[in-house]
Amino acid sequence: MSSFDDMDAFEGASLSARAMAARPAPYLDGLNPAQRQAVETLDGPVLMLAGAGTGKTRALTARIVHLLSTGRARPNEILAVTFTNKAAREMKNRVGQMLGQPAEGMPWLGTFHAICVKLLRRHAELAGLKSNFTILDTDDQKRTLKQLLQAYEIDEKRHPPRAIASLFDRWKNNAWTPDRVPAKEDSELWGERLYSSQEISSATRSYEFRSRNWESGAVGRRLVTAVELYGMYQARLKELNACDFGDLLLHMVTIFRNYPDVLEKYQRWFRYILVDEYQDTNVAQYLWLRLLAQGHRNICCVGDDDQSIYGWRGAEVGNILRFEKDFEGAHVVRLEQNYRSTPHILAAASNVIRGNESRLGKELWTDAAEGEKVRLIGHWDGEEEARWIGEEIESMQNGTRGMRPFSLDDMAILVRASHQMRAFEDRFLTIGLPYRVIGGPRFYERMEIRDAMAYFRLVVSPADDLAFERVVNTPKRGLGDKAQQTIQRIARDNGVSLLDGAALAVEQGAIKGKGAAALRELVAGLARWGRMTGDKDLSHMELAEIVLDESGYTAMWQNDKTPEAPGRLENLKELVKALEGFENLQGFLEHVSLVMDNESDEAGAKVSIMTLHAAKGLEFPVVFLPGWEDGLFPSQRSMDESGVKGLEEERRLAYVGITRAEEVCTISFAGNRRVFGQWQSQMPSRFVDELPADHVEVLTPPGLYGGGYGASGMAAGASPVMRTAAESDLQDKASRADVYNSPGWRRLQERSAQRPVSQPRESRHQVIDLEAVSAFSVGERVFHQKFGYGAVAGIEGDKLEIAFEKAGTKKVVARFVTAADDVPF
DNA sequence: AACTGGCAGGCCCGG
DNA sequence: CCTGCCAGTT
């Protein structure tokens, strides 16, 4: 195992542990007794039960620094695992700060996935892969599955690739290779009809004859079972020299199980193991950790059962509960002093989470000053909710309602589901409120970016068949279904990659018509660009530009007349710019496959918009929690699929949301919301009822009592469309929360009678804007303060749809736009 | 081979 | 409301 020899030198063990030890230990200053215990109990297993805001990251980083400065371990002998890239980055920064120098020398601090990739590249051959394997994202995964389903003529309507992908994911999360899936998981037969080997041989030959363990499985007069399909899928991935996300863990666990010598070396190498967010580990991750920790048992896991919100992707709260059993003699440390939130916020969170049966039970406390009560407000509909929050954010910047002023950076909107973000984006764009979306629809998932990346992948690894399929006819080269099938057949018959197959097809003249010349050019181009990767005088950014230009991809968008085209070209430029921070194309591709986040470092304060899931581990002075409506939050689907367990996870999500707030927490719900474009009336979330009245202040929604904010009523908007069945339920709620049994609520009811649900309210603004809008015509060149120049692409109600040159296409209220000629410079 | 319009189904959450 | 798929055209 020669790869171990260079581990000593690995990425520089540049931090001088001995130098640190001579100094006192400032990193211990200010830790409370529990934290201190968590930091200083170095030997043997430690379980740190750390509630929200109790300083666990601080304890964890102090522990790392302690390990280093006492000389217990060198930086590259510590294995520190997190779930998200954000958490890993944060920990790296904080360790660096405490040490007073960058923590570059900690190569094994990272996400489970990132660390597993690193390990797997060293031992790829043990998993039947080459070390330059590619990592498939969910999109590639689904496409691969789809091809398999087609090969087996399995009905895609009845078994959508999506569903199958999630089944296989689940199995992988349980560390089940095809031969380990329990029989009862596979009781169902999946094929829709009988197969004779003759029927399937032409379509599926490649899968069944090339796979190692499953060649006989699907042939013959039998239905295809799920497990067999799983085996086929795994075999196919090996052919592609690829892994999906689940495989990264699964392969490593399998290698550790099957090659004790490999495991043993890593057990010795990683002298101390630290795990963040332990409640989120799934079985595969748990096994991986347990295998690595078996020798010295120096493992420290930090978690909070109340913040377990990843059950849907296989997380097992059970892992945290059975820690003491697995690691006998474990020290358990509880962190219960909260340093983040005010007592009101903490009380609200505690009261909500109390509704859960299955929990270890912690009580957080704080000695912070009382502060603001949690604020609750109901709105007419989702758009008004967005409007109100926008206005509230603007006024909170200057200080309002007796509160201190807050910067936009201090404020966050946390939503249950990402589709809720659009309402806020729309609203904030029109009023010009700067915002950043964290983890929204991601940059690297955009079509043009994925296309460009596929070209890069093909340049770096010509055998990447998925990438080839993606770009072979993009831009259009006259290579349709038939031509592509020909390439597939030739590649299969010769046992080569699609690209090589394409080269053969060109030589043999198997492709007719104008496609032939285009394909020849593509093949030649890829070969040429591939050679250029070795050219020292050519930066990889220049190479990227050459690839995009010479392939005709850039030209494709330049010739595109749709309003999105300029935005896409802009994105491509950004992509090339993003390459700058990397050694080469390969390194960049690796980064992107694991770190899909797209945090723009644009200057200026901004409100953050993100999902509750993305918010875990973060904190903000001001937090808005919109959309607390039954069905949306708690999510109907979650309850349908997982019953009480699902509801409890939703409740933990509510707990996570509230505990993100330091000073001001505002919860809101809307009476009407658009679902799939249809207006639907909504009931307030059951979690609203679980908020303790003593710690909640009910705000008056706009539109009541003339819309004054200072009105002292207890009124809040509720579902304005009354359903008699729900009426008694609401009255019932009213007696508890005292929210709905109020004049304002009744007034809302009356109003709803006059105003049909399907007809959104018209505001005074709208009348003005309709005048403003008429000043513009389609095609006119205009200017916007924030987005710059653009052309009017359409007019919709009070809004202009504008294709901006820099910012892409947006809908903007007319009064924020001026004709380009009027701009004074 | 490429484009078109109609239509079904989906929108939970992530590495 | 959005996207992806299908059938039918050009």
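Keep in mind that what you see is a predicted model, and the values were worked out from it rather than measured. Letters go in sequence order (proteins before strands), and every chain restarts at 1.
Using a 30° and 60° split on the angle between ring planes, A:Trp312 and A:Tyr310 fall in the tilted class, from 30° to 60°.
At a threshold of 4.0 angstrom between heavy atoms, the contacts of A:Lys157 with the nucleic acid are absent. Within 4.0 Å of A:Phe83, counting heavy atoms only, lie sugar-phosphate atoms of the nucleic acid but no base atom. Looking at heavy-atom distances under 4.0 Å, A:Arg162 makes contact with sugar-phosphate atoms alone, never a base. Using a 4.0 Å heavy-atom cutoff across all strands shown, A:Tyr310 reaches sugar-phosphate atoms only and no base atom. Counting non-hydrogen atoms under 4.0 angstrom, A:Glu649 reaches nothing in the nucleic acid. Using a 4.0 Å heavy-atom criterion, one finds that A:Thr138 contacts the bases of the nucleic acid, with or without backbone contacts as well.
The interatomic distance linking A:Gln678 (CD) with B:dC11 (C1') rounds to 14 Å, in whole Å. Separating the NE2 atom of A:His159 from the C1' atom of B:dG9 is a distance of 18 Å, rounded to the nearest angstrom. Between A:His419 atom NE2 and B:dG10 atom P there is a gap of 14 Å when expressed in whole angstrom units. Atom CZ of A:Phe676 and atom C1' of B:dC12 are 11 Å apart (whole Å). Atoms CE (A:Met421) and P (B:dC12) sit 14 Å apart, rounded to a whole Å. What separates CD of A:Glu156 from C1' of C:dG4 is a distance of 12 Å, to the nearest Å. Here the P atom of nucleotide B:dG10 and the CD atom of A:Glu641 are 12 Å apart, to the nearest Å. Taking atom CG on A:Asn282 and atom C1' on B:dG14, their separation rounds to 12 Å, with Å as the unit.
Taking only side-chain nitrogens and oxygens, A:Ser593 never comes nearer than 4.0 Å to OP1 or OP2 of B:dG15. In this structure, A:Lys146 reaches the C:dC5 phosphate: one of its side-chain N or O atoms is under 4.0 Å from OP1 or OP2. For A:Arg637 and B:dC12, the shortest distance from a side-chain N or O to OP1 or OP2 is below 4.0 Å.
A salt bridge does not link A:Asp304 with A:Lys616: none of the charged nitrogens is closer than 4.0 Å to a carboxylate oxygen. Contact check on A:Asp139 versus A:Lys142 returns no salt bridge, with no Lys/Arg side-chain nitrogen under 4.0 Å from an Asp/Glu carboxylate oxygen.
Between A:Ser635 and A:Gly246, the residue anchored nearer the 5' end of DNA chain B, judged by the nucleotide with its closest heavy atom, is A:Ser635.
Between A:His591 and A:Phe582, the ring centre distance stays below 6.0 Å.
Other residues, nucleotides and ligands contribute over 12 non-hydrogen atoms within 6.0 Å of the CZ atom of A:Arg121. The 12-atom threshold is not exceeded at CG of A:Asp481, counting heavy atoms of other residues, nucleotides or ligands nearer than 6.0 Å.
Side chain of A:Arg313, nearest nucleotide from B:dG15, B:dC12, B:dG14: B:dG14. In the set B:dG14, B:dC11, B:dG15, the nucleotide with an atom closest to the side chain of A:Ala614 is B:dG14. Which of C:dC5, B:dG15, B:dC12 sits closest to the side chain of A:Thr84 comes down to B:dG15.
A:Arg674 contributes no side-chain N or O that forms a donor-acceptor pair with the base of C:dC1 under 3.5 Å.
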Can you tabulate the close N/O pairs, meaning under 3.5 Å, that link protein atoms to atoms of nucleotides 1-6 of chain B?
from: B:dA1; atom 1: OP1; to: A:Gly480; atom 2: N; distance (Å): 2.5
from: B:dA1; atom 1: OP1; to: A:Gly480; atom 2: O; distance (Å): 3.4
from: B:dA1; atom 1: OP1; to: A:Asp481; atom 2: N; distance (Å): 3.4
from: B:dA2; atom 1: OP1; to: A:Gly478; atom 2: N; distance (Å): 3.2
from: B:dA2; atom 1: OP2; to: A:Asn473; atom 2: ND2; distance (Å): 3.1

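For the salt bridge (Lys or Arg N to Asp or Glu O under 4.0 Å) criterion with A:Asp451, the lone passing option out of A:Arg446, A:Arg568, A:Arg470 is A:Arg470.
In this view, A:Thr254 satisfies the side-chain hydrogen bond (donor to acceptor under 3.5 Å, both in side chains) rule with no residue, not counting sequence neighbours.
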